[in-house]
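Worksheet for the structure shown next.
Every heavy atom of this structure was used, including side-chain atoms; hydrogens, water molecules and symmetry mates were not. Proteins come first, then strands; the chains are lettered A, B, ... in the order of their sequence lines, and each starts at number 1.
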Amino acid sequence: MATTISGQCFFYVWAGYQTSIFIFITAITVFFAAKALENSNLAQKQYLKEHKEELDKEAKTAYKASCQRKRNLILTATVAFNLCILIVLKYVGFFLQPLGISFYTLMAIGYLIDINRASYEAEKNVLRFITFTTFFPVVIQGPISKYNEVAPSMFKEHTFDTNQFMSGMLRIMWGFFKKLIVADRIGIAVSLITGDSCTYAEGYVLVGMLFYTCQLYADFTGGIDVTIGVAKILGINLSENFLRPYFSISLKEYWRRWHITMCQWFRTYVFYPVSTSKTIQNISKALRSKGHTTLGKKLPVHLSSLIVWTLTGVWHGANFNFLVWGLLNFFILMISEELDPLYTRFHGRFGFSNTKGYKIFAMLRTFLLICVLNLFDCYKTVGETLGAIASVFTSKGYSAISSGALMELGLSGIDYIIIAIGVAVMFVVSLIQEHYATSDKELTISSYLKLVLTLVLFICVIMFGAYSIGYDSSQFIYNQF
Amino acid sequence: MEELLEILQELHPEVDFETEDKLIDDGIIDSFDVITLITELQENMGVLISAKDIIPENFNSAKALFALIERIREEEA
């Protein structure tokens, strides 16, 4: 733990100690609130045990309700206080935004709700809880870790493990390969295309869309690879955030494989509580009793889903683009869900849904959909995004792609070759990982091979990384969220 | 248990709920199914499963789900 704490101190002084105060405020308020919640839970159990005989059912229910009200007050006040900090610093923006505020706030709130639900025991040591909340690799862009999943490896006694160290180093270098060779190089063209939607319309939008989807994947998964690698070197196991998302055959599957920890957070702490709340269930019941059976059945799922996607959009930023992006995701998922019985009947009749060809088609279709949705992340306004999409359909030709104009996007022929090789390497690695994951086999690499691969990746990063004046490798797309 | 099996069968007719014990782990039922199931249980069996009980262990098999329903009923009694 001493190594981790030393790392934290250095990191926060380097990242800007003025804004670091907020992460400590969150850690400390949540720590003490969680302790109060656990104490209240334990006191309730103890009281009911001691007065088991003398209390009737009504008295027990009343006592439980009174304790629950007290806990709800602590929980609501602490969550509201920390969300206020997030909203003021992230959305109002009159003060510098602390690094990773969107990530550590969700982690801390998740912990508090877990303790209120008595899912596991609260941390007793404030220093240990601060170490968890402020764990420096995670605050940059996640993964949004759960306390009970990280704590066992974070607070056990650590000894140097060569194999773990080599695994960590390999993961870090693999992350930098994606980030510095592919993402930052392709990002030069993306910035040019999306920065001037009037000049770079029509065919350029298709190029920008495809390039941005590659950039986002290489940047975000690369960043998480570095995070998981650093944690591994310190002997700490973090949850995986991606499971080869571009192999998904539907948008629903994509959201089970992309930014997994964020999706899990919204599912556990928003989707489930809202959809199972008495209010929603009573509305559903009332609709059914009035004969609206289907609507009553569907309402909890779709209404909660709408709330989740609105919040997910807003969480990404105070920009109308993100809200529209979230709502589009909701509508596509809702329509897919409603049309599912129709698809099942259709596939049942024609029976080609299990063929390899159809799966590849479904993957490409999902990939294209993701590319289009990602455009809302690229442009500054909804109008600009829709204008860019419309220009693709009103275009009289796509000469931008064929006339050699690609060479005027800030990238040379050599750059395109490096990007193509980088993307091909990422694709082959993903295919190998997918093969092992679907066949339940374990991919084992010896320490010696890990060392060789790490060195090869290191040389590639040094030779082919996209460095230029003013370049800052510590900037990731997801930093801004 | 029979009533529960009927509800599950209506949700996914192709699944053998009497033997399947990795409903969540193998992605046979997803979060949308879980909520549809909870709404059905509330309507037909009068049991409201709260968010804190939505964990894979409680939804991986019909048997585990039935045990959860029994536990909720006992707590309410």
Self-check item: Under 4.5 Å from a heavy atom of chain B, the part of A:Ser284 involved
Solution: side chain
Quiz item: Quick one: what part of B:Asp53 sits under 4.5 Å from any heavy atom of chain A, side chain, backbone, both or neither?
Solution: neither
Exercise. Please check if the side chain of B:Asn44 supplies one atom and the backbone of B:Glu40 the other of a donor-acceptor pair under 3.5 Å.
Key: yes
Quiz prompt | side chain to side chain donor-acceptor pair (under 3.5 Å), paired with A:Ser40, selected from A:Gln68, A:Lys70, A:Arg71 | solution = A:Arg71
Practice problem: If the plane angle is over 60° it's perpendicular, under 30° parallel, otherwise tilted; pick one for A:Trp315 and A:Phe266. | Solution: perpendicular
Quiz item: Of the backbone (N, CA, C, O) and the side chain (C-beta and beyond), which part of A:Thr61 lies under 4.5 Å from a heavy atom of chain B, both, or neither?
Solution: neither
Quiz item: Mind checking whether A:His347 and A:Tyr358 have parallel, tilted or perpendicular rings, split at 30° and 60°?
Solution: perpendicular
Quiz prompt | Proximal to chain B - members of residues 272-279 of chain A, heavy-atom separation under 4.5 Å | solution = A:Tyr272, A:Pro273, A:Ser275, A:Thr276, A:Lys278
Practice problem: Please look at A:Lys252 and chain B and tell me whether the side chain, the backbone, both or neither of the residue comes under 4.5 angstrom of a heavy atom of that chain. | Solution: side chain
Self-check item: Side chain B:Asn58, main chain B:Leu65, donor-acceptor under 3.5 Å
Solution: no
Quiz item: When you check the side-chain N and O atoms of A:Asp114 and A:Tyr147, is any donor under 3.5 Å from an acceptor?
Solution: no
Practice problem: May I ask you to decide if the ring planes of A:His302 and B:Phe32 are parallel, tilted or perpendicular, using 30° and 60° as cut-offs? | Solution: perpendicular
Quiz item: Who wins among B:Ile49, B:Val34, B:Asp30, B:Ile55 for the most heavy-atom pairs under 4.5 Å with chain A?
Solution: B:Asp30
Quiz item: Going by an N to O cut-off under 4.0 Å, is there a salt bridge joining B:Glu10 and A:Lys297?
Solution: yes
Self-check item: Greatest number of heavy atom pairs closer than 4.5 Å to chain A - which of B:Leu48, B:Ile54, B:Ile38
Solution: B:Ile54
Quiz item: So do B:Ser31 and B:Ile35 actually touch side chain to side chain, heavy atoms under 4.5 Å?
Solution: no
